[in-house]
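Input: a single structure, listed below in structure tokens.
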Amino acid sequence: MGELIVSKDILKKASLKGAISFTVLLSVYFLILTLVSGWNFAWVQFTQFWYYILTLALGFGIQFTLYSYLRDVVKQASTGQVLATTGATSTAAMISCCAHYLTNILPVLGVTGIITFIGQYQVQFFWAGLFFNLLGILYIGNKVLKVSGRI
């Protein structure tokens with residue numbers, strides 16, 4: 001096994017980007033729910049599902065940190081690898097907890113059925129989001145270890 005090589009400057013920048021992505025994802029969650037049903041509703045939903053929401057946002061932040069670190073290390077090494085994260089899954093899972101309230105502003109036929117389905121399975125959507133977060137972290141983490149000479 002090789003020695004783990006970590007660029008501290010790149011790691012600091014990637015960590016900052018990850019923290020910002022965590023904050024942005026939570027902001028998007030609160031913004032959408034507040035626009036759909038008001039601040040009180042958004043806060044009640046957050047307090048009810050905070051452990052899912054924060055875990056999903058944290059997982060997204062970690063993925064973004066790893067991705068940013070990997071991208072910058074690869075860019076520095078000029079090998080040009082490209083990766084994708086599962087941030088969309090995290091965002092969708094967080095928003096799905098309250099998507100059934102979109103019926104207030106989207107009175108279109110068929111939408112009610114979809115939103116009711118999402119509302120009924122919101123916890124399962126959270127678990128799916130957490131699962132994909134974990135897969136994304138493991139995948140990107142593995143790539144970081146390979147590029148850093150650990151594997």
Under the ring pair (Phe, Tyr, Trp, His ring centres under 6.0 Å) rule, collect the residues that match up with Phe131, sequence neighbours excluded. none
With Phe22, which residues qualify under ring pair (Phe, Tyr, Trp, His ring centres under 6.0 Å), at least two apart?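 Here no residue qualifies.
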Tell me the closest heavy-atom pair linking [X] and [Y], and the distance in Å.
X	Y	result
Gly61	Ser21	CA-OG, 3.5 Å
Ile140	Tyr67	CG2-N, 3.7 Å
Thr34	Ala42	OG1-CB, 3.7 Å
Ile137	Gln63	CG1-CG, 3.5 Å

Result of checking Leu66, Thr65, Val73 against Val144 for side chain to side chain contact (heavy atoms under 4.5 Å, CB included):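 Answer after filtering Leu66, Thr65, Val73: Leu66.
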Does some side-chain heavy atom of Tyr29 sit less than 4.5 Å from a side-chain heavy atom of Leu33?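 Yes, close enough: below the 4.5 Å cut-off.
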If you round to the nearest 0.5 Å, how far is [atom2] of [Y] from [atom1] of [X]?
X	Y	atom1	atom2	value
Leu70	Lys146	CG	NZ	11.0 Å
Leu145	Lys143	CG	NZ	11.5 Å
Leu25	Phe64	CG	CZ	11.0 Å
Leu26	Ile53	CG	CD1	8.0 Å
Leu134	Leu138	CG	CG	4.5 Å
Thr55	Phe60	OG1	CZ	15.0 Å

Who passes side chain to side chain contact (heavy atoms under 4.5 Å, CB included) against [X], sequence neighbours left out?
X	value
Ile20	Leu16, Val24
Thr23	Ser27
Val44	none

What pairs of residues pass the salt bridge (charged side-chain N to carboxylate O under 4.0 Å, His left out) test when at least one of them lies in residues 16-39, not counting sequence neighbours? Lys17-Asp72
With under 30° as parallel and over 60° as perpendicular, where do the rings of Phe30 and Trp43 fit, or are they tilted in between?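 Ring orientation of Phe30 relative to Trp43: parallel.
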Can you classify the ring geometry of Phe126 versus Phe49 as parallel (below 30°), tilted (30 to 60°) or perpendicular (above 60°)? tilted
